[in-house]
Amino acid sequence: MASVRFLSGPTTLAFSIVVAASSTLQAQQGDPVTRAVDSLFTGWAKPGAPGCGLGVIRDGKFVYRADYGTADLARNIPIGTRTTYYMASVSKQFAAAAVALASLQGHLSLDDEVRKYIPELPAYAAGITVRHLVHHTSGLRDYLGLLGLAGRLDAVHDDAAVIRLISQQRALNFPMGTRYSYSNSGYMLLSVVVKRATGRSLRDFAQQEMFGPLGMHDTYFYDDHTASHPAGDRRTIGYQPTRGGGFESGVLPNFEQVGDGGLFSTVEDVLRWDQNFYDAKVGGARFLDLIHTTGRLADGTALEYAFGLQVTNYGGLRLVTHGGSFMGYRTVIHRFPEQRFSVVVLCNLGTASPEQLASAVADLYLADALQRAQQDLAGEYRSGELDVTRRITIKEGRLFAHDASGEVPLRSQGKDVYGMRGATVRFTRENGRVTGFDLDQGLMRGFRFDRQ
């Protein structure tokens, strides 16, 4: 979900750092890795500023847990152990999981046409299936963008009003199934599909079928803006910096759409959710297989997007991830399945970069695994077009390029793809062997560097 304009301006007051109280964590607070982790979050441990909650999970347990900053500036409430965050688009994996469960329970088929459940949709939506919505291949225009263009984002909109807005569009962005295009409309409509197929709202279905069984007592979909939040004073307020150096609230108090967003949760509850990806307490093995199944376009092109989960690669390691951004909240869950390792970063400031923070934390804890996975990328590379040689090295699990300016870090963007100072480096292989890389920088594309 995209960030929107921000509405009010509370005063700035306090901050706190809280480390979860377990003997294992206490023993690790002073080690070099956790000190390095805390240094990454120095910018969030400021008096009178919003912050982040961090959870580092290995083998089903926190190996480090910390909270930085203030949940509610106006009331000087620090972020703490049970602080609840709006999860923004991280909510999508929970909505998609509900769809997957509903399909396995026989309430719906992923190949059902959406108009079977939402007949209000016009003729242009004929042929769009539940599966299209899950994988963002429907072509539906994004309802948040439509509300923003109409200047009505901060008004009250029930689901019927959003369906009317989607229905009054005259066309799709593209023919269904032919392209991937991230769509909040698709996931909002999935919440309606769940409600009409199961007879239970997404909020109730998720509570009864997922959150309750997993002991996620502080997690809920908020689908009624007139109802109070179960989290009460433990709920964070999302913020955005002002030009004067303060912060203003980004929360839209009338917003109640769910599926594309709408979930509130805690770092502790995400631990319980993360564990289900290994023990399958909810859903079983078929459920896990299904939610990791990535989509395909009509021409057979494989996508990285599964069920609210992006199945990708980070530094040679398999990564399952999703982030979110809306109403002054920024969130991400990084999961490295083969290492049974996850990083959760939940922030209540719209300018936070939780994906970068989570990746930096993973770099510290998974340095050895990353070192092994990327070792074959290190070496000398030469460009005949530029008549220069570049050296790639690896240190503590991170890649670096060496040029006239010195050592430049490379940040993984997928399998064999790295970002570097606004440039993109794409390593190439033949029969698994690294043969070189192609460099794109600025307006220039395709500079070839061959391995020496």
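Using modelled atom types, one finds no donor on one side chain facing an acceptor on the other under 3.5 Å when comparing Thr236 with Thr83. Under the 3.5 Å distance criterion, with hydrogens and angles disregarded, no donor-acceptor pair is assigned to the side chains of Ser183 and Asp142. Ser89 and His322 are not linked by any side-chain donor-acceptor pair at a separation below 3.5 angstrom, with hydrogens and angles left out of the test. For the residue pair Tyr117 / Asp112, a side-chain donor-acceptor distance below 3.5 Å is found, with atom types taken as modelled. Side-chain atoms of Arg448 and Thr428 include a donor-acceptor pair closer than 3.5 Å. Between Lys92 and Tyr305, the side chains place no donor N or O within less than 3.5 Å of an acceptor N or O (distance only, hydrogens not considered). In summary, the side chains of Asp111 and Ser109 do not present any donor paired with an acceptor at a separation below 3.5 Å, with no hydrogens or angles considered. A donor-acceptor contact closer than 3.5 angstrom is absent between the side chains of Ser383 and Arg390.
Shown are Val114, Ile128, Asn173; of these, the side-chain contact (heavy atoms from CB on, under 4.5 Å) with Leu140 is made only by Ile128. Remark: of the listed residues Phe62, Tyr278, Tyr365, Tyr314, Tyr365 is the sole one forming a ring-ring contact (aromatic ring centres under 6.0 Å, His included) with Phe341. For the side-chain contact (heavy atoms from CB on, under 4.5 Å) criterion with Leu346, the lone passing option out of Thr331, Val90, Thr84 is Thr331. With Val417 as reference, Thr424 is the one residue of Thr424, Leu410, Asn313 to meet the side-chain contact (heavy atoms from CB on, under 4.5 Å) rule. None of Val343, Asp38, Leu357, Asp67 except one satisfies the side-chain contact (heavy atoms from CB on, under 4.5 Å) rule with Leu54; the exception is Val343.
Proximity of a side-chain donor or acceptor of Gln169 to a complementary backbone N or O of Leu165 within less than 3.5 Å is detected. Put simply, the side chain of Gln441 never gets that close to the backbone of Ala423: no donor and acceptor are under 3.5 Å apart. In terms of modelled atom types and a separation under 3.5 Å, the side chain of Ser191 and the main chain of Val258 share a donor-acceptor contact. A side-chain donor-acceptor contact under 3.5 Å links Thr321 to the backbone of Ile333. With Gln374 contributing its side chain and Leu370 its backbone, the two residues share a donor-acceptor pair below 3.5 Å. Within the 3.5 Å criterion, the main-chain N or O of His132 finds no donor-acceptor partner in the side chain of His135. Formation of a donor-acceptor pair under 3.5 Å by the Arg445 side chain with backbone atoms of Gly442 is found in this model. Between the side chain of Ser265 and the backbone N or O of Asp269 there is no donor-acceptor pair closer than 3.5 Å.
Ring pair Phe277/His292 is perpendicular by interplanar angle, where above 60° counts as perpendicular and below 30° as parallel. The aromatic rings of Tyr86 and Tyr329 are tilted relative to each other, their planes meeting at an angle between 30° and 60°.
Phe94 is listed as a side-chain neighbour of Phe211, based on a closest heavy-atom distance under 4.5 Å. The shortest side-chain heavy-atom distance between Val99 and Leu110 falls under the 4.5 Å cut-off. Between Arg318 and Gln339 there is no side-chain heavy-atom pair separated by less than 4.5 Å. No side-chain heavy atom of Thr178 sits under 4.5 Å from any side-chain heavy atom of Leu297.
The number of heavy-atom neighbours closer than 6.0 Å to CD of Gln452, taken from other residues, nucleotides and ligands shown, is above 12. In this structure, Arg429 places its CZ atom where more than 12 heavy-atom neighbours from other residues, nucleotides or ligands lie under 6.0 Å away. Counting non-hydrogen atoms of neighbouring residues, nucleotides and ligands closer than 6.0 angstrom, the CZ atom of Arg170 reaches no more than 12 such neighbours. Within 6.0 Å of CD in Glu396 there are 12 or fewer heavy atoms belonging to other residues, nucleotides or ligands. More than 12 heavy atoms of other shown residues, nucleotides or ligands fall within 6.0 angstrom of atom CD in Gln105.
Under the rule for a side chain to side chain donor-acceptor pair (under 3.5 Å), Thr293 has no partner lying at least two apart in sequence or in another chain.
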Verdict with reasoning, Arg398 to Asp363, per salt bridge (Lys or Arg N to Asp or Glu O under 4.0 Å) | CA-CA 7 Å; Arg398 296 192 62 190; Asp363 287 344; 3.8 Å; yes

Going through the distances and angles, do Tyr418 and Phe437 end up as a ring-ring contact (aromatic ring centres under 6.0 Å, His included)?
-> CA-CA 10 Å; Tyr418 292 79; Phe437 66 78; over 10 Å; no

Verdict with supporting geometry, Thr242 and Glu248, side chain to side chain donor-acceptor pair (under 3.5 Å) = CA-CA 7 Å; Thr242 64; Glu248 59 183 2; over 6 Å; no

For His334 and Ser342, run side chain to side chain donor-acceptor pair (under 3.5 Å): C-alpha distance rounded to whole Å, both residues' side-chain angles, the deciding distance at 0.1 Å, then the answer.
-> CA-CA 5 Å; His334 269 2; Ser342 298; over 6 Å; no

Quick one: do Arg382 and Thr389 satisfy side chain to side chain donor-acceptor pair (under 3.5 Å)? Show the steps, please.
-> CA-CA 4 Å; Arg382 180 164 180 78; Thr389 298; 3.0 Å; yes

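Distance CG/Leu133 to OG/Ser138: 5.5 Å, rounded to 0.5 Å.
Using a 4.0 Å cut-off between charged nitrogen and carboxylate oxygen, Asp59 and Arg340 count as a salt-bridge pair. We find that Asp438 and Arg426 are not joined by a salt bridge, their nearest charged nitrogen and carboxylate oxygen being 4.0 Å or further apart.
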